[in-house]
Protein chains: 2
Amino acid sequence: MATLDDIAKLAGVSPTTVSRVINNYGSLSEKTKTKVFAAMKELNYQPNSLARSLKGKKTHLIGVILPGVSNPFFGQMVQEIEDQLFKKGFRMILCNAGSDSEKERAYLRMLMANRVDGIIAGSHNLGIEEYQKVGLPIISFDRYLSENIPIVSSDNYHGGQLAAQALLASGSEHFQIITGANRPNSPTNARLTGFKDTLAKRDRTFDLLELRFSSTPNIKGLKIKEMLLKKNVDGIFCTDDLTALLVIQQARELGIKIPENIRLIGYDGTRFIQNYHPELTTIMQPIADIVTMMIDLLLKRIDDHECQLEDNYVLPVKLITGETTI
Amino acid sequence: MATLDDIAKLAGVSPTTVSRVINNYGSLSEKTKTKVFAAMKELNYQPNSLARSLKGKKTHLIGVILPGVSNPFFGQMVQEIEDQLFKKGFRMILCNAGSDSEKERAYLRMLMANRVDGIIAGSHNLGIEEYQKVGLPIISFDRYLSENIPIVSSDNYHGGQLAAQALLASGSEHFQIITGANRPNSPTNARLTGFKDTLAKRDRTFDLLELRFSSTPNIKGLKIKEMLLKKNVDGIFCTDDLTALLVIQQARELGIKIPENIRLIGYDGTRFIQNYHPELTTIMQPIADIVTMMIDLLLKRIDDHECQLEDNYVLPVKLITGETTI
DNA sequence: ATGAAAGCGCTAACAT
DNA sequence: ATGTTAGCGCTTTCAT
């Protein structure tokens, strides 16, 4: 692969001059420019960004750590991140941490070794210490990682309120919420709290079903079926849309009609759900805005590592009414 | 951020020795090792992989170019790629090319500039020339890119055959196939050919509806509705599962019963579909095997740029029978 | 068992 | 307007 020196030789100028042409910097005569450009074309030259970055410049690489990308929510988010980063001249190293803390730890080390300019993290396997030690600009999505790491999230509390209001408005009396395992410190818990508080104001209570994030859909389906059979519920709030799909599936098999017998509301409102399951009432997270916010903050921190940022940035959610609530 | 020299000083040895410890190479006394390790811990040292790679070593970076990741098929594929690459000590730079050739071209340049060790490409915006000029190991998924770039794909032709057989077996008489726009040279066309040939053997014909990849689901849905109303079909083959979901949606709205009035079969069989739409009969692509194959070939080429590989690697598909065919 | 020194490809003073 | 040179952090001969 051609180097800057090769170009210099071919064009009959010094390496510096070539560097100047590449970076469009200092004063160059038109002649030299043309010569150099010609040489670059001829050898299909690409400046080695490793060498460049070694000289203390930015790598323009961002590490993105998420639980996984086969889930449509994170799929859409990653797509959005990639798109926005690209427009700003950054590339992304994708890290699917799953629920494996060892892997996440290894990735963190790798990202440091690769001298990424910053990190967007939306996973939650690790303790605080590891993220503190990284010493790189980090922005978190929907998770508390450590002091001084800003969290961007949608308004989970209000989402919970909206869900409760929608179910109340549709005349439900016996409420059920289905969540993932609730981690301490996770902003996601606010969905539950918002739901609970709103019901409490009307003196209503509800049952809670926790399904571990790591359970397979089959297992989740089974637990849902069990719940559906045992309890007399008529208003269900799932804190993610995929679980809501499982409820629809199980209800259909049991001959339970939605929304006649049960009203159902999900959470996330990805483009995927809007396109392929428009029947589902859900709370939409503003993924594009979340990503814009995260990237904005991250780039600020990259420009100035010391810049002060808020602890929390909360973006508004929206109720999308489908046919699963009346 | 600490450098190798910092460690050397702190440990009271030469940089060379530190390098030896890091790479576990040459002969070291236990004492020195311990000292050096201690120094590394103390400064939370991570070797700068940029500097390492500059010295001619591999970057352990792989570029992955795909149309996008919000589609569950590519989502699952990316997840699989990431997972397998990680286990072999590689990272991945994710490039969503969409249907934007300028972006794909820019990414190709970036990947060269970043000196990735190799590329996995599954997009199809670009002409042959650009991929030829890259001069990096490349493996393609399901697309013809250029001479000497191996293509890994599932057995599209056989998939088409299976689909036809399933519809025939379920007693359909009037066939419809719904595909994306058919590009020349795309292995995907074979799905159509396999379907056609199998029907032809039984003296059956079929209608073709082409939906551009770039159309929104709403538009696709509209065209499907139109088709459903106008034609008298009772056996539909969609060359991807998402389109099949759209057919289910439209049929439901029109009061057409599946499988009573129409039999339906999709293509891809992602884990997502298997979990959330088990009712859909579909042809499953062996994503994990495809990825294993691609990575295997890519690493071979990375080890030896000249190594000879086949032009095509075709992996078997499987019929998954749901309730949309009887 | 350890160290000195050159060099990977580039950029940035500092000349001229 | 262009060139010389040193150095980014590491690996790798070649010495000792």
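Values reported hereafter were calculated over all heavy atoms of this structure, with side chains retained and with hydrogens, waters and symmetry mates removed. Since we're looking at a predicted model, the values are computed, not measured. Order of the sequence lines sets the chain letters (A, B, ...), proteins ahead of strands, with each chain counted from 1.
For B/L50 and C/dT11, the CG to C1' distance is 15 Å, given to the nearest whole Å. As rounded to whole Å, 10 Å separates atom P of D/dG3 from atom CG of A/L28. Atom NZ in B/K9 sits roughly 12 Å away from atom P in C/dA4 (whole-Å rounding). The nearest whole Å value for the distance from the CE atom in B/M112 to the C1' atom in C/dG9 is 15 Å.
Mapped onto DNA chain C by nearest heavy atom, A/L54 and B/K33 fall at different nucleotides, with B/K33 at the one closer to the 5' end. Mapped onto DNA chain C by nearest heavy atom, B/T32 and B/G56 fall at different nucleotides, with B/T32 at the one closer to the 5' end.
Taking OH of A/Y313 as the reference point, atom CE of A/M294 lies at 13.5 Å (rounded to 0.5 Å). The line from NZ of A/K103 to CE of A/M110 is 9.5 Å long, rounded to the nearest 0.5 Å.
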Taking distance alone, no hydrogens or angles, what donor-acceptor pairs closer than 3.5 Å link side-chain atoms of residues 3-15 of chain A to residues at least two apart or in another chain?
residue : atom : partner : partner atom : Å
A/T3    : OG1  : A/D5    : N            : 3.2
A/T3    : OG1  : A/D6    : N            : 3.3
A/D6    : OD2  : A/T3    : N            : 2.9
A/S14   : OG   : A/T16   : N            : 3.4
A/S14   : OG   : A/T17   : N            : 3.3
A/S14   : OG   : A/T17   : OG1          : 3.2

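Within 4.0 Å (heavy atoms only), A/T17 reaches sugar-phosphate atoms of the nucleic acid but no base atom.
Two rings, from A/Y144 and A/Y131, have their centers 6.0 Å or more apart. Not less than 6.0 angstrom separates the ring centroid of A/F73 from the ring centroid of A/F272.
Picking from D/dA1, D/dG3, C/dT2 the nucleotide with the shortest atom distance to the side chain of A/S29 gives D/dA1.
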Between the protein and nucleotides 10-12 of chain D, which nitrogen or oxygen pairs come in under 3.5 angstrom?
residue : atom : partner : partner atom : Å
D/dC10  : OP1  : B/Y45   : OH           : 2.4
D/dC10  : OP1  : B/N48   : N            : 3.1
D/dC10  : OP2  : B/L4    : N            : 2.2
D/dT11  : OP1  : B/N23   : ND2          : 3.3
D/dT11  : OP1  : B/R52   : NE           : 3.2
D/dT11  : OP2  : B/S19   : OG           : 2.9

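Residues in residues 47-69 of chain B take part in these side chain to side chain donor-acceptor pair (under 3.5 Å) pairs, two or more places apart or across chains: A/N114-B/S49, B/T59-B/D117.
Close to C/dA4, at under 4.0 Å from its OP1 or OP2, lies no side-chain N or O of B/S14.
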